[in-house]
A.B. asks: 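Pasting in a structure now, in structure tokens, and then I'll have a few things to ask.
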Amino acid sequence: MLKIGCHLSSSKGFLAMGETAVSIGANTFQFVTRNPRGGSAKPLNLKDVERYLEFAETHKIGTVLAHAPYTLNACAQKEDLRDFAYCTVQDDLHRLSYFPEAMYNFHPGSHVGQGEEKGISLIADLLNRILEEDYKTTILLETMAGKGSEIGRSFEELESIIDKVEKKQQLGVCLDTCHVYDGGYDIVGNLDAVLAEFDEIIGLCRLKAVHLNDSMNPMGSHKDRHAKIGGGSIGVNAFAAIINHPYLRKLPFYLETPNELPGYQQEIELLKRTEIKYNDLKLIDDNMPVLEKAEAEEVEIKAKYEGYIKLQMAQVEKVRKLENKLLPEDLDYLNLKGISLEARQKLDKFKPHSIGQASRISGISPADVSVLLIYLEQRR
Ligand code: FE
Ligand code: FE
Ligand code: ZN
């Protein structure tokens with residue numbers, strides 16, 4: 001099932017956010033940890049947290065995404081600003097320890113004229129200091145549009161940060177569709193190639209969340225102006241491809257589009273309608289009698305995305321088959337795939353950095369590796 005939500009105001013507390021999310025058809029949400037200027041946060045209301053956690057369990061609200069204040073700059077020139085960023089992140093992570101399923105999203109920072117190299121090393125310093133403290137929350141670096149002196153405008157820049165961090169296992173990446181498109185990555189014309197590049201440089205295993213935003217500007221413009229879904233240069237078809245992509249479809253998606261709640265609700269409905277129901281693939285297969293029985297609206301939408309759906313069919317079908325094989329609990333998936341014990345030990349030992357690398361080590365195809373990694377993670 002599609003994990004989808006939007007950015008919500010945290011002013012009324014956690015339970016209120018959970019209730020709002022459910023009321024607009026979302027099953028996750030994002031919020032800013034404190035006022036956007038990064039000042040002190042209200043003390044945590046533990047009663048509210050407790051009630052939220054109960055609510056979240058009942059309503060199956062999965063991973064939520066806490067967004068660090070936008071004004072933090074881990075690579076500011078002045079030491080007191082960097083200290084402020086460190087103290088804020090520290091306090092945020094302390095609060096998030098009450099939320100076992102939350103992740104923490106973080107803009108790497110702006111080097112403000114000190115140069116990329118300096119910026120990258122200051123950001124890595126902050127992360128190394130923070131991660132020494134053994135917080136459980138996964139920290140996500142967001143892909144940035146490259147406005148001004150923003151770090152994180154390319155996959156290479158994000159990887160150079162990750163590379164300098166010791167406890168890498170707690171680091172992930174959040175891909176913002178508006179930002180990467182602004183950064184010059186063609187997610188509209190060639191999503192597969194962009195994901196392959198991400199995998200080669202950072203590793204798709206690190207990709208933990210996606211921000212869904214259309215862009216007011218053309219590819220490569222580095223402007224960072226979000227548009228409503230379908231109201232910008234990215235377009236609905238590209239979003240349908242993104243949420244259904246075999247490598248992405250299990251991730252949580254967060255809308256940060258210029259909307260009030262009713263607008264978010266509409267976008268969530270739109271995206272849900274474009275979701276390929278993997279178990280209903282017969283509907284769009286050559287099984288016409290089933291298709292005729294489908295509701296008129298369903299048919300219309302499927303027709304609209306027919307081109308895309310056909311293109312993805314082979315890949316989708318493959319993933320679905322593998323998933324079906326994973327269902328029985330005692331199934332030894334690895335044996336089934338003919339993966340030797342040796343290949344498995346290699347994977348365990350080398351903790352592959354990317355799906356491409358895992359594929360080379362184990363000798364199985366990248367698509368199979370992505371399913372395998374999900375499987376191994378569940379087994380842990
Ligand atoms: Fe952000
Ligand atoms: Fe974003
Ligand atoms: Zn943005």
Side-chain angles (χ1 to χ4, degrees), residues 3-10 26 28-38 63-75 85 88-89 92-93 96 102-110 119 123 126-127 137-155 157-158 161 171-185 187 194 198 202 206-229 231-234 238-239 242-243 248 251-259 263-264 267-268 271:
K3 288 181 205 149
I4 178 89
C6 65
H7 191 89
L8 293 177
S9 156
S10 58
T28 181
F29 59 89
Q30 174 179 269
F31 63 99
V32 184
T33 52
R34 57 191 68 218
N35 90 50
R37 314 188 91 193
T63 320
V64 293
L65 191 55
H67 196 306
Y70 305 107
T71 47
L72 288 195
N73 191 1
C75 55
T88 304
V89 172
D92 281 348
L93 290 176
L96 287 173
M103 298 191 291
Y104 187 60
N105 182 67
F106 177 75
H107 291 181
S110 294
I123 297 162
L126 177 137
L127 290 169
T137 309
T138 300
I139 300 177
L140 308 186
L141 299 168
E142 184 167 348
T143 59
M144 302 309 290
K147 202 172 142 189
S149 64
E150 268 173 0
I151 304 268
R153 58 170 66 206
S154 66
F155 299 157
E157 282 189 4
L158 289 177
I161 299 171
L171 279 189
V173 172
C174 172
L175 184 135
D176 186 307
T177 55
C178 167
H179 297 176
V180 291
Y181 198 57
D182 268 24
Y185 292 97
I187 52 171
V194 174
F198 187 102
I202 301 177
R206 286 227 190 271
L207 186 54
K208 303 288 185 196
V210 177
H211 282 165
L212 292 177
N213 303 304
D214 214 324
S215 173
M216 285 190 186
N217 296 292
M219 188 171 85
S221 58
H222 302 294
K223 292 243 173 71
D224 193 6
R225 300 278 310 279
H226 299 189
K228 294 181 187 189
I229 299 301
S233 54
I234 297 178
F239 286 104
I242 288 164
I243 64 161
L248 306 179
L251 299 174
F253 295 97
Y254 302 93
L255 295 157
E256 299 175 310
T257 45
N259 273 308
Y264 278 135
E267 288 184 347
I268 290 168
L271 291 166

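One-based numbering, in listed order, for ligands and for the atoms of each.
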A.B. asks: Indicate yes or no: at least one non-hydrogen side-chain atom of Leu93 is less than 4.5 angstrom from one of Ile139.
C.D. replies: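 They are in side-chain contact.
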A.B. asks: At a cut-off of 2.8 Å, what protein N/O/S atoms sit near the Zn ion (ligand 3)?
C.D. replies: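 Only His179 NE2, Asp224 OD1, His226 NE2 fall inside 2.8 Å of the Zn ion (ligand 3).
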A.B. asks: Using a cut-off of 2.8 Å, how many protein N, O or S atoms lie below it in distance from the Fe ion (ligand 1)?
C.D. replies: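 Excluding waters, the total comes to 3.
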A.B. asks: For Asp92 and Arg34: C-alpha separation, side-chain torsions, deciding distance, then whether salt bridge (charged side-chain N to carboxylate O under 4.0 Å, His left out) applies.
C.D. replies: CA-CA 9 Å; Asp92 281 348; Arg34 57 191 68 218; 2.6 Å; yes
A.B. asks: Only counting residues at least two apart or in another chain, list the ones meeting side-chain hydrogen bond (donor to acceptor under 3.5 Å, both in side chains) with Tyr254.
C.D. replies: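 In terms of side-chain hydrogen bond (donor to acceptor under 3.5 Å, both in side chains), with neighbours along the sequence ignored, Tyr254 is linked to Thr28.
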A.B. asks: Under the side-chain contact (heavy atoms from CB on, under 4.5 Å) criterion, do Lys147 and Lys223 qualify, and how do the steps go?
C.D. replies: CA-CA 6 Å; Lys147 202 172 142 189; Lys223 292 243 173 71; 6.0 Å; no
A.B. asks: Looking at CG of Leu72 and OG1 of Thr88, how far apart are the two atoms once the value is rounded to the nearest 0.5 Å?
C.D. replies: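 Rounded to the nearest 0.5 Å, the CG-OG1 separation comes to 5.0 Å.
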A.B. asks: Quick one: salt bridge (charged side-chain N to carboxylate O under 4.0 Å, His left out) partners of Asp214, sequence neighbours excluded?
C.D. replies: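 Salt bridge (charged side-chain N to carboxylate O under 4.0 Å, His left out) check on Asp214 returns nothing, list empty.
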A.B. asks: For Pro258 and Ala227, work out which heavy atoms get closest and say how close.
C.D. replies: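 Closest heavy-atom pair between Pro258 and Ala227: CD-C, 3.6 Å.
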A.B. asks: Could you state the interatomic distance from CD1 (Ile268) to CZ (Phe253), rounded to the nearest 0.5 Å?
C.D. replies: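 Nearest 0.5 Å value for the CD1-CZ distance: 13.0 Å.
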A.B. asks: Looking at Met216 and His226, what are the two nearest heavy atoms and their distance?
C.D. replies: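 Scanning both residues completely, I find the closest heavy atoms to be CE-O, 3.4 Å.
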